[in-house]
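The structure under discussion appears below in the form of C-alpha cells.
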Amino acid sequence: RDVDNFFGGMFESALADLQLDKDGIAARALVDPDLYRRLRPKVLLDGQEVGHFVANQKTPKQFGELRFEYDNQQVTLGLKASSEQLAAVTQTSDWEFEVSRDLRVPTVVSVLKAAHLTLFELMGYSYALQSGGMWLGHALGTFYRANVGRPKQIVWQNAAEHFTPLAAMVRPVSDAPPAFTGSIDDYRVHFCWSEDASDRKPWGIVIYVRTGKILNAVVVSTFEHEAGAERFFKFLAADGDLFEISPARLQGQVWNLDTRRQTARWPKAAFND
C-alpha cells in the first residue's frame with residue numbers, strides 16, 4: 001500500500017491532467033479555479049508571454065487589467081506587463097491563452113508500474129519471480145526506496161534520470177482495434193520475436209495499459225534466454241526499432257498464440273527531445 005500510494009500521489013494524478021488535452025482548455029482554466037491551480041494557463045500578447053495573476057480584489061495601479069469571459073463565467077486578470085507593452089495594446093492586438101505541460105515522465109512511470117502489476121495479475125508469481133519480472137520490479141522498487149518522503153519536484157527530477165533508460169518501453173497507441181481495451185481486461189498482448197526464425201522463445205511481451213481515453217503499449221522483457229535478453233537491451237538502446245510481433249491471449253493459464261506475424265515500428269522515445 002505504501003508503494004502504491006507513493007506512485008499514485010507522485011505520478012498518477014498527472015494522468016488526470018493528460019485527459020484534459022482538448023480544445024478550449026486554456027480558456028476554461030482561466031475561469032475555473034481548480035483547473036487554474038492544476039494547469040497554470042499562460043497569457044500571451046502578440047506572441048509574447050505576459051505574467052499575470054487572478055485579481056480577486058482591485059488590481060493595483062502598476063498592473064494592467066484584462067477582463068475575460070468564457071462560457072458565461074468571468075475573471076479579472078492582473079497583467080504584469082511593461083508600460084510600453086500596455087501602451088501598444090490596440091483593438092487588433094493578438095491575445096492567446098495556452099496550457100503547456102510536459103507529462104512524459106509521470107506517464108512513463110505510471111504506465112510501467114501498471115504494466116508490472118498487470119502481468120502479476122495475469123500470471124502471478126510465475127511472472128514476478130522470473131528474471132523479467134524481477135528486473136522491472138527492481139527498477140520500480142529501488143526508485144521508491146530512494147525517493148519516498150522527498151518533495152514532489154525533487155522526485156520528478158530524479159524520475160527523469162532514473163527512468164530515462166526505460167523510456168523506450170512505453171508508447172501511446174495511435175490506432176488500436178476496438179477489441180483492445182487493456183490487457184488487464186481483455187487478456188490480449190503481443191509477443192515480440194527476434195529476427196532469427198529458429199528462435200522459438202519471445203524476447204518481449206507488449207502489454208496494453210489504458211489511461212482514460214489513451215491506450216499505451218509497454219514492451220516488457222521475458223528474459224527467458226540469453227539471446228532474448230540481448231535483444232531487449234538492444235531495443236532499449238535503439239533510436240527507434242523494428243521487430244516482429246504476433247497476437248496472443250491468455251486463456252486460463254495458457255497463452256493462445258496466433259502464429260501470424262507482423263512488423264511493429266516502434267518510434268524513438270526520450271525525455272530530452
Side-chain angles (χ1 to χ4, degrees), residues 1-19 21 100-121 127-128 130-174 182-184 189-190 192 203-212 214-223 228-241 243 264-273:
R1 184 173 60 182
D2 291 342
V3 175
D4 193 54
N5 288 342
F6 168 77
F7 282 102
M10 287 293 175
F11 301 107
E12 292 169 15
S13 58
L15 297 182
D17 293 344
L18 192 61
Q19 310 307 314
D21 184 11
S100 176
R101 293 191 64 188
D102 186 346
L103 299 176
R104 289 175 295 178
V105 171
T107 298
V108 166
V109 176
S110 300
V111 172
L112 283 176
K113 193 204 80 166
H116 184 62
L117 294 181
T118 294
L119 277 171
F120 183 79
E121 175 68 20
Y127 159 73
Q130 286 178 354
S131 297
M134 294 179 68
W135 179 82
L136 183 52
H138 179 75
L140 294 165
T142 53
F143 181 79
Y144 164 76
R145 288 194 294 269
N147 289 276
V148 63
R150 292 188 172 187
K152 190 171 188 176
Q153 182 179 2
I154 300 299
V155 174
W156 276 37
Q157 292 174 357
N158 292 343
E161 179 179 356
H162 182 87
F163 289 99
T164 286
L166 281 63
M169 295 172 65
V170 178
R171 298 296 294 173
V173 180
S174 58
S183 299
I184 193 67
V189 302
H190 277 89
C192 307
W203 61 264
I205 302 176
V206 184
I207 303 299
Y208 296 94
V209 175
R210 184 167 293 282
T211 54
I214 301 172
L215 186 68
N216 305 274
V218 189
V219 175
V220 178
S221 175
T222 60
F223 286 163
E230 291 178 358
R231 182 63 181 86
F232 177 73
F233 286 117
K234 177 184 175 183
F235 158 77
L236 286 184
D239 188 10
D241 204 351
F243 49 88
R265 182 181 298 275
W266 200 267
K268 177 184 177 182
F271 294 145
N272 57 357
D273 289 351

Applying the side-chain contact (heavy atoms from CB on, under 4.5 Å) test to Val170, which of Val209, Ile207, Val111 qualifies? Val111

Please examine the side chains of Val206 and Cys192, heavy atoms only from C-beta on, and report whether any two atoms are closer than 4.5 Å. yes

How close do Ala217 and Tyr208 get, heavy atom to heavy atom, and via which atoms? CB-CE2, 3.8 Å

Just wondering, are more than 12 heavy atoms of other shown residues or ligands nearer than 6.0 Å to NZ in Lys234? no

Using a 4.5 Å cut-off on heavy atoms from C-beta on, say whether the side chain of Leu112 contacts that of Phe11. no

What I'd like to find out is whether the side chain of Phe233 reaches to under 4.5 Å of the side chain of Leu236, using heavy atoms alone. yes

Leu166 and Leu136, any side-chain heavy atoms less than 4.5 Å apart: yes

Atom CZ in Phe163, atom OG1 in Thr107: separation rounded to 0.5 Å? 12.5 Å

With a 4.5 Å cut-off on side-chain heavy atoms, are Pro106 and Arg101 touching? no

Measure up the His162 and Phe143 rings against each other and bin them: parallel (under 30°), tilted (30 to 60°), perpendicular (over 60°). tilted

Taking every heavy atom of Met10 against every heavy atom of Pro151, the minimum-distance pair comes out as CE-C, 4.4 Å

To check you understand the geometry: which heavy-atom pair defines the closest contact between Trp266 and Val219, and what is its length? CH2-CG2, 3.5 Å

Heavy-atom pair with the smallest gap, counting every atom of Ala115 and Val220: CB-CG2, 4.4 Å

Is the ring pair Phe243/Trp203 parallel, tilted or perpendicular, if the boundaries are 30 and 60 degrees? perpendicular

Without swapping roles, check the side chain of Asp102 against the backbone of Arg104 for a donor-acceptor pair under 3.5 Å. yes

Locate the shortest heavy-atom distance separating Arg171 from Lys268; write the atom from each residue and the value. NH1-O, 3.2 Å

Give a yes or no on this: more than 12 heavy atoms of other residues, nucleotides or ligands lie within 6.0 Å of atom CD of Glu121. no

With under 30° as parallel and over 60° as perpendicular, where do the rings of Phe232 and Trp135 fit, or are they tilted in between? perpendicular

Val105 versus Trp156: any side-chain heavy-atom pair under 4.5 Å? no

In short, Tyr127 meets His116 closest at the heavy-atom pair OH-ND1, 2.7 Å

